[in-house]
There are 2 protein chains.
Amino acid sequence: MGKSGGPSRDRIVAGAADLISRRGLNATSIRELARHADAPLGSTYHYFPDGKQQLATEAVRYAGASVERLLRKELAAGPAAGLRAFLGLWRGIVVASDFRAGCPVLAVAVEEPPPGEEIPRALTAAAEAFEGWEDLLAASLREHGADPARAADLATLVVASAEGAIAMCRARRDIAPLDRVSRHLEALIATALDGPPTEG
Amino acid sequence: MGKSGGPSRDRIVAGAADLISRRGLNATSIRELARHADAPLGSTYHYFPDGKQQLATEAVRYAGASVERLLRKELAAGPAAGLRAFLGLWRGIVVASDFRAGCPVLAVAVEEPPPGEEIPRALTAAAEAFEGWEDLLAASLREHGADPARAADLATLVVASAEGAIAMCRARRDIAPLDRVSRHLEALIATALDGPPTEG
DNA sequence: GCTAGACTATGACGATCGTTATAACCAGTG
DNA sequence: CACTGGTTATAACGATCGTCATAGTCTAGC
């Protein structure tokens with residue numbers, strides 16, 4: 001098949017993204033990741049010779065790219081549609097998992113890098129995922145008439161509040177925080193497009 | 001001394017809050033928690049006979065109460081001052097730790113509860129901490145003339161976006177996301193107090 | 001001095017961790 | 001048939017995990 005791996009490799013990556021989003025990175029073992037994807041332990045080290053760090057990095061990149069793909073598609077209908085799709089995606093994941101799963105990018109972002117100077121690749125991948133989402137949102141906002149100076153701020157607020165709300169929902173086992181944030185964000189986007197606030 | 005524990009007990013709890021905020025709950029061992037507080041391992045099981053779960057719960061409650069105390073104090077000068085203190089607190093922690101520490105409540109909130117029906121006490125404590133902060137902010141907003149129906153939404157947005165921004169800052173090793181969110185939130189609070197938006 | 005009770009020190013228990021090594025399977029090609 | 005290269009199976013390495021048990025060291029009050 002494709003020279004870069006068969007279907008089980010992809011299953012491992014996707015499963016890792018899901019399991020990391022539930023348990024956190026450092027708390028998830030390679031054995032659990034393999035079991036979760038119905039793959040043998042030996043295969044994980046076959047496909048990912050650099051071990052856990054490599055698998056985690058690819059899982060984060062996979063999740064980041066998936067969201068980015070959805071975002072790019074839905075933003076074609078405007079920032080409001082993109083925002084709704086973004087928030088709806090997370091809402092679906094949180095509810096479908098009965099508040100057990102969240103965002104794998106967030107899970108990686110909240111863990112301390114090892115004491116050495118080296119910054120783990122997975123953490124860098126998490127930063128890139130966040131930035132990718134922000135950039136798409138900000139560009140769409142600007143294209144639809146939002147104040148360019150505030151577009152980036154608003155995009156950061158959207159990503160940050162979505163991520164935070166996901167965590168709050170999981171703690172409370174209640175989707176209300178995400179819904180409250182969604183309502184507020186949709187209003188914000190609407191006013192950002194209609195009339196830029198008095199700046200001077 | 002006090003019947004409920006000496007100074008080293010408090011050191012262990014405070015140290016646990018810090019270490020959990022860096023490494024995550026499941027990824028932090030009791031031995032590390034003891035070492036971090038310069039306390040012997042035996043002492044952790046002496047002060048916290050129910051083990052890791054009890055220590056984690058107390059650490060989350062400690063962090064939640066600390067922030068709540070600060071918030072209550074600063075909100076006396078109005079919602080804008082409270083917001084600034086809240087965001088400034090996190091900013092200080094993130095910057096002072098060189099992007100290694102974050103919010104222990106968030107760290108606990110993003111981890112999956114065990115398969116049984118029992119919800120870990122630490123997770124419940126995390127939910128209560130978030131709610132405590134939200135309630136204080138919402139009450140202050142209402143007291144200062146904000147639309148009561150939107151006060152709760154705005155308070156949730158503040159907490160969610162702060163938590164999310166902290167994680168984004170750690171991933172990027174850059175304080176900019178939190179600063180961007182802060183700027184936006186301060187503007188939001190200002191308009192919420194001045195003129196409630198056209199509701200329709 | 002002596003005892004009581006709070007704290008600490010030490011070591012162990014089975015389990016699991018990340019990782020590696022080695023051997024077995026199993027598809028295709030000759 | 002043999003052979004080869006990608007995949008899986010199995011076992012093991014030292015290290016660390018959460019927890020417990022036991023014994024030691026303190027300090028207070030008699």
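Every chain is numbered from 1 and lettered A, B, ... according to where its sequence line falls, protein lines coming before strand lines. If you're wondering where the values come from, they're calculated on a predicted model, not measured in any experiment.
In this structure, CD of A:Q53 is placed 13 Å from C1' of C:dG18, rounded to the nearest angstrom. Rounded to an integer number of Å, the gap from A:D50 CG to C:dG18 P is 15 Å. Atom-to-atom, CG of B:D38 to P of C:dA9 comes out at 11 Å; the value is rounded to the nearest Å. Between B:Y47 atom OH and C:dA9 atom P there is a gap of 11 Å when expressed in whole angstrom units. Across the protein-nucleic acid pair, A:H46 atom NE2 and C:dA23 atom P stand 18 Å apart, rounded to whole Å. Atom CG in A:L55 sits about 14 Å away from atom C1' in C:dT19, given to the nearest Å. Rounded to a whole Å, the CZ atom of B:R23 is 14 Å from the C1' atom of D:dC17. The interatomic distance linking B:I12 (CD1) with C:dT8 (C1') rounds to 11 Å, in whole Å.
Listed candidates were C:dT19, D:dT8, C:dC17. Nearest to the side chain of A:E32 is C:dC17. For A:S8, whose side chain is taken as the heavy atoms from C-beta onward, the closest listed nucleotide among D:dT8, C:dG18, D:dG18 is D:dT8. The side chain of A:Y45 has C:dG18 as its nearest neighbour among C:dC7, C:dG18, D:dT8.
Taking the six-membered ring for Trp and thresholds of 30 and 60 degrees, A:W133 and A:W90 have ring planes inclined between 30 and 60 degrees apart.
A distance-only check finds no donor-acceptor pair linking the side chain of A:R22 to the backbone of A:R100 [under 3.5 Å]. Not one N or O on the side chain of B:S140 forms a donor-acceptor pair closer than 3.5 Å with the backbone of B:L136. For B:R11 (side chain) and B:A37 (main-chain N/O), a donor-acceptor pair under 3.5 Å exists by modelled atom type.
Here B:R183 does not pair with B:D179 in a salt bridge; the nearest charged N to carboxylate O distance is not below 4.0 Å.
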What string of B, S and - do you get for nucleotides 9-16 of chain D, 5' to 3', when a contact is any protein heavy atom under 4.0 Å? S--B----

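Backbone-only contact: A:T28 has heavy atoms under 4.0 Å from sugar-phosphate atoms and none from a base.
Side-chain contact between B:T57 and B:T124 is absent, with no heavy-atom pair separated by less than 4.5 Å.
A donor and an acceptor atom, one from each side chain of A:R180 and B:T156, are located under 3.5 Å apart.
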